[in-house]
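These figures come from a predicted structure and were not determined experimentally. Residue numbers start at 1 and run along the sequence shown.
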Amino acid sequence: MKKIYTVIALFICSMGLAIGQTLPYLPQPTYQAGENLTYKLKYGILSVATGTLKVENSKLRFSNPNAFHLSAFGQTSGIFAVYKVRNKYDSYIDGDTYLPYLYIEDIHEGSYTREEYATFDHRNKKVSGKKGTFTSPTSQFFDLLSAYYFSRNLDLSSLKKGDSFKLTYFLNDEVAQLGIKYIGIEKIKTSLGELECIKFSPEITPGRIFRKDSQLFLWVTNDGNRIPVKAQVEILVGTVTMELISAKGLKHTLGKRVSYSK
């Protein structure tokens, strides 16, 4: 069960995409305080877990008073609730550059627990966590959660089918990069109706969870909100799918194209 649940972190992380250098981004965020997204994670037809993502105005003070508090909470559900998982992630980001100031992680997976408290120094390309200070190859680097929200604000106008990108992020006491390939535009059916989406394929590493030929696909709305509505990957045994089941407090009408739609 723990192996299946770790896919949640991969799905959240894969929601971000970027090239390895300074990335162009939209002048205004695609989200607003009050946004609340709820997801369901399934293993085959079985419900495994639920997750909630929220955006609030930050109550903590930073160098830029315009800051957001991003939070994510995931827990096991259904018959899988026997293996108790309660994971909480918090990220505080600059409201203008969307770069993180502070990342907090509180993990409870059965008998395993983990806490993280990391601060970011983008000028010096450093992130300081509980186990030391780590260096990033670029000044634009993120934690698990801020990567997702930053990616929703990227300028995708130059993307062409087959283009590959990289995201730099801090997770599990290391700075790493995730490559993502742009597949194209596709309409899919969701619990919220049929939606036109931008389709990506983030890279994954074969091993304890994934097969050698496993592919992860991610569908993001091609509207003003840029919210992921579905992610799917084949694992060693079966398929894991994440689906959006509720979207509240959106800044833009769901499914309505805007000037920066592909």
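- No path of Ile, Leu, Val, Met, Phe, Trp and Tyr side chains, each step under 4.5 Å between heavy atoms, connects Ile183 with Leu159, placing them in separate hydrophobic clusters.
- A donor-acceptor distance shorter than 3.5 angstrom exists from the side chain of His122 to the backbone of Ser139, with no hydrogens or angles considered.
- Not a single donor-acceptor pair under 3.5 Å links the side chain of Asn225 to the backbone N or O of Ile227.
- Using a 4.5 Å heavy-atom cutoff, the side chains of Glu105 and Leu145 are not in contact.
- Under a cut-off of 6.0 angstrom, the local environment of NZ in Lys251 is crowded, with over 12 non-hydrogen atoms contributed by other residues, nucleotides or ligands.
- Grouping the Ile, Leu, Val, Met, Phe, Trp and Tyr side chains by contacts below 4.5 angstrom, directly or via other members, places Val258 apart from Leu195.
- The backbone N or O of Leu244 sits less than 3.5 Å from a side-chain atom of Ser191, completing a donor-acceptor pair.
- In summary, Glu186 and Lys199 engage in a salt bridge, as defined by a charged side-chain N under 4.0 Å from a carboxylate O.
- Between the side chain of Tyr101 and the main chain of Thr119, no donor-acceptor pair closer than 3.5 Å is present.
- Side-chain contact check for Glu115 and Tyr117: no donor-acceptor pair (N or O, by modelled atom type) lies under 3.5 Å.
- Without hydrogens or angle criteria, Asn64 side chain to Ala67 main chain gives no donor-acceptor distance under 3.5 Å.
- Here the straight-line distance linking atom OG of Ser151 with atom CZ of Phe200 works out to 8.0 Å at 0.5 Å rounding.
- Within the 3.5 Å criterion, the main-chain N or O of Lys130 finds a donor-acceptor partner in the side chain of Glu116.
- Looking at heavy atoms from C-beta onward, His69 lies out of side-chain contact with Asn57 at the 4.5 angstrom threshold.
- Side-chain contact, Asp155 with Tyr25: no donor N or O sits under 3.5 Å from an acceptor N or O.
- Expressed to the nearest 0.5 Å, how far CD1 of Ile188 lies from OG1 of Thr190 amounts to 6.5 Å.
- Using a 4.5 Å cut-off between side-chain heavy atoms of Ile, Leu, Val, Met, Phe, Trp and Tyr, with links allowed through other members, Leu53 and Leu192 fall into the same hydrophobic cluster.
- Side chains of Asp90 and Ser71: no donor on one and acceptor on the other come within 3.5 Å.
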**OP:** Tell me, with the steps shown, if Leu37 and Leu250 meet side chain to side chain contact (heavy atoms under 4.5 Å, CB included).
**Re:** CA-CA 9 Å; Leu37 306 176; Leu250 298 180; 4.0 Å; yes
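- Relative to the six-membered ring of Tyr182, Lys160 misses at least one condition, a distance below 6.0 Å or an angle of at most 45° to the axis.
- In the model, Asp94 has no side-chain atom that pairs as donor or acceptor with a side-chain atom of Asn66 under 3.5 Å.
- Judged purely by distance below 3.5 Å, without hydrogens or angles, the side chains of Thr168 and Thr138 never pair a donor atom with an acceptor atom.
- Side chains of Asn87 and Gln75: a donor-acceptor N/O pair is absent below 3.5 angstrom, by distance only.
- Ring pair Phe120/Phe170 is perpendicular by interplanar angle, where above 60° counts as perpendicular and below 30° as parallel.
- Ion pairing between a basic and an acidic side chain is recognised when a charged N comes within 4.0 Å of a carboxylate O; Arg152 and Glu35 show such pairing.
- Using a 30° and 60° split on the angle between ring planes, Tyr92 and Phe62 fall in the tilted class, from 30° to 60°.
- The closest donor-acceptor contact from the side chain of Arg226 to the backbone of Tyr31 lies at 3.5 Å or more, if one exists at all.
- The closest donor-acceptor contact from the side chain of Thr76 to the backbone of Val85 lies under 3.5 Å.
- Trp219 places none of its side-chain heavy atoms less than 4.5 Å from the side chain of Ile198.
- The number of heavy-atom neighbours closer than 6.0 Å to NZ of Lys262, taken from other residues, nucleotides and ligands shown, is above 12.
- Within the 4.5 Å cutoff, side-chain heavy atoms of Arg257 are placed close to those of Asn222.
- In the model, Lys126 has a side-chain atom that pairs as donor or acceptor with a side-chain atom of Thr135 under 3.5 Å.
- Between the side chains of Ser77 and Ser47, a donor-acceptor pair is found at a separation under 3.5 Å.
- No chain of hydrophobic side-chain contacts below 4.5 Å, direct or via other Ile, Leu, Val, Met, Phe, Trp or Tyr residues, connects Leu102 to Phe134.
- Ion pair Lys84/Glu109 not flagged as a salt bridge, since none of the NZ, NE, NH1 or NH2 atoms sits closer than 4.0 Å to an Asp/Glu carboxylate oxygen.
- Put simply, Tyr43 and Ile245 are part of two different groups of oily side chains (I, L, V, M, F, W, Y) that touch within less than 4.5 Å, one to the next.
- Shown here is Leu60, whose CG atom has more than 12 heavy atoms of other residues, nucleotides or ligands within 6.0 Å.
- When each of Leu70, Val55, Asp143, Leu99 is tested with Ile93 by the rule side-chain contact (heavy atoms from CB on, under 4.5 Å), just one qualifies, namely Leu70.
- No more than 12 heavy atoms of other residues, nucleotides or ligands lie within 6.0 Å of NZ in Lys40, so this atom counts as exposed by the packing criterion.
- The closest donor-acceptor contact from the side chain of Tyr39 to the backbone of Pro228 lies under 3.5 Å.
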**OP:** Any chance you could lay out the salt bridge (charged side-chain N to carboxylate O under 4.0 Å, His left out) test for Asp173 and Arg114, step after step, and finish with the verdict?
**Re:** CA-CA 11 Å; Asp173 303 316; Arg114 170 187 165 86; 3.4 Å; yes
Original post:
Between Glu243 and Lys42, is a salt bridge (charged side-chain N to carboxylate O under 4.0 Å, His left out) present by the stated rule, with each step listed?
Top reply: CA-CA 8 Å; Glu243 298 177 340; Lys42 297 189 302 180; 3.8 Å; yes
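- Of the N and O atoms on the side chains of Glu234 and Thr239, not one donor lies less than 3.5 Å from an acceptor on the other residue.
- We find that Asp121 and Arg123 are not joined by a salt bridge, their nearest charged nitrogen and carboxylate oxygen being 4.0 Å or further apart.
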